[in-house]
Amino acid sequence: MTDSSPPFLRYAPPSGIYETLYAFQSAFGRPMGEPTTHPWSQGCPLTTQLPGGPELPSSVEVSSDDLKYPKAWGVPALREAIARSYREFYGAEVEADNVMVFAGGRPGLIAMMLFLDQDVTVRVSETEYTPYYEILGSFHRKQSLVPSNPGNGFRPSVADFVGDPSEGRRLVMYSNPCNPTGHTRTGSDLKELVDAAAYGKTGLLVDEAYEFFHKRPDSALGYVKDINESNLFVCGAATKGLQAPGLRIGWIVSSRRNIQVLGNFSSYAIGGVSHPSQRMAAAMLEPSRLHQARKAIGDFYGMQRNRYGAALESLGLKLHTGKGAFYHWCELPEGISAASLNKALFPHGAAILEGQDCDMARRGEQSPMANFFRFSFGALEPDSFDTNIRVMRDALNSLTASL
């Protein structure tokens, strides 16, 4: 007997990057990330020690206390370590009770959208981090796109971000450094955005997952006058800068009132985050270790950004990349789409993230980003450089030959 009743769960498609990963596995026969594959589509860092960087932990001591339920807001030692890092590096006046710990950065963003007042319009860049589209759509959030395209060099102005006051209350949602473009606001540029967007009828949510991946890391928290009187939210994580995506540790820093809301939510919906993961993250935020990690990340990935950038340009690609994160934002020659590039790459065990998946309007093949792609050098070992460029060259040559 067949049950023809409708499903109880509304279908949720996977995020754009997973569409690529599933298509890759179907074509190549093995998942991306296995030996002999080239994970250019992956938004993850190396999880091995970098030149000049601190050793990465290989174990964590667990006591009977760590088997108890964790606190809804996060363990006090980790919350204090996070707050201390912003005080030390940016002079930010934040305390442990301005911090809420989540199981990664995205759960924090999702909790934000869950409790955001319905009248607030989210202003998000036209070209942004792929899951923002699904996160905003899942909660049916009102959206207003901020132009971010070749016309403005993928660098929206502060006025672009803030938008028209006639829209009413607005929340600017922005990754800095930007995923996928790498463009980064620092110094007076970042201060101008905080001053314009973090008070009154405007709020500012800055996703700083790639904070360390810039020659001079910066944080919006260094420019807020009084976080407890602001509408500033900063999202951070151990995923990128601490090279520990598997810990699933992220956080939101905001006013005490906002953190109380998020903590109350955790008390009945999340129940806290793994004690051992929090313990390990707190150890990785030890001040002297953090100094070493920040410098090593900036030096190593700056070197990788420069040499991959020069090589990709030599292959006829036009780069629109900023100076942060571990991506190159590439434009293909006329007549070649990112989708066709992926089809040429899959047999070689490689894949890129197609630009249309970073289009917050999701215009598909008609997207102005259809001939753009994000190339990630985050997980690439230095000695794989020649092989990676050869594979890209062969794929591009096969496509240009057919034009």
Side-chain angles (χ1 to χ4, degrees), residues 73-74 79-102 105 108-125 132 135-136 141-142 144 146 156-165 167-178 184-211 217-237 250-266:
W73 290 264
R79 296 176 76 197
E80 172 55 30
I82 293 166
R84 181 185 64 219
S85 71
Y86 290 112
R87 292 196 301 266
E88 179 172 353
F89 290 103
Y90 306 117
E93 296 182 4
V94 297
E95 304 295 336
D97 55 6
N98 293 118
V99 179
M100 167 73 196
V101 177
F102 291 90
L109 298 175
I110 288 171
M112 276 279 308
M113 292 304 113
L114 180 61
F115 288 95
L116 189 67
D117 277 351
Q118 290 292 333
D119 70 299
V120 176
T121 296
V122 178
R123 292 191 56 77
V124 62
S125 292
Y132 288 177
I135 291 172
L136 292 170
R141 289 300 171 191
K142 292 192 296 184
S144 181
V146 177
S157 68
V158 170
D160 288 335
F161 274 120
V162 174
D164 191 330
E167 285 185 324
R169 292 203 296 166
R170 288 141 290 149
L171 176 73
V172 176
M173 186 176 185
Y174 172 56
S175 61
N176 188 47
C178 179
T184 310
R185 290 180 183 274
T186 61
S188 60
D189 195 24
L190 183 55
K191 181 181 185 301
E192 182 185 2
L193 180 61
V194 172
D195 288 344
Y199 307 95
K201 291 187 176 181
T202 312
L204 177 61
L205 168 56
V206 188
D207 183 347
E208 296 182 348
Y210 295 89
E211 174 194 348
D218 210 347
S219 172
L221 288 166
Y223 302 101
V224 66
K225 300 180 184 74
D226 181 346
I227 193 167
N228 294 309
E229 297 297 326
S230 76
N231 303 323
L232 177 65
F233 302 83
V234 168
C235 179
W251 53 84
I252 295 282
V253 183
S254 190
S255 68
R256 292 188 184 94
R257 180 184 179 281
N258 290 326
I259 295 304
Q260 182 181 28
V261 170
L262 297 174
N264 290 346
F265 166 65
S266 175

>> Are Tyr174 and Val124 packed together at the side-chain level, in the sense that at least one heavy-atom pair is separated by less than 4.5 angstrom?
In response: no
>> Which heavy atom of Arg87 sits nearest to which heavy atom of Ala92, and what is that distance?
In response: CG-O, 3.0 Å
> Are any non-hydrogen side-chain atoms of Leu171 and Arg123 less than 4.5 angstrom apart?
Replying inline: no
> Ignoring hydrogens and geometry, is there a side-chain-to-backbone donor-acceptor pair from Asp97 to Arg256 under 3.5 Å?
Replying inline: no
>> Is any side-chain heavy atom of Leu232 closer than 4.5 Å to one of Val234?
In response: yes
>> I'd like to check the side-chain contact (heavy atoms from CB on, under 4.5 Å) partners of Ala159; sequence neighbours left out, ordered by chain and number.
In response: Ser157
> What are the two closest non-hydrogen atoms of Phe265 and Ala111, and how far apart are they?
Replying inline: CE2-CB, 3.9 Å
> Would you say the side-chain atoms of Asp160 pair up with the backbone N or O of Val146, donor to acceptor, closer than 3.5 Å?
Replying inline: no
>> Please evaluate residues Arg79 and Glu95 with respect to the criterion salt bridge (Lys or Arg N to Asp or Glu O under 4.0 Å), reporting the C-alpha separation (whole Å), side-chain torsions for both, the decisive distance (0.1 Å), and the verdict.
In response: CA-CA 8 Å; Arg79 296 176 76 197; Glu95 304 295 336; over 6 Å; no
> Can you find a heavy atom in the side chain of Arg170 that is under 4.5 Å from one in the side chain of Phe161?
Replying inline: no
> Nearest heavy-atom pair of Leu190 and Ala220: which atoms, and what distance?
Replying inline: CD2-N, 3.6 Å
> Less than 4.5 Å apart, any side-chain heavy atom of Leu204 and any of Tyr199?
Replying inline: no
> Between Met112 and Leu205, is any pair of side-chain heavy atoms under 4.5 Å apart?
Replying inline: yes
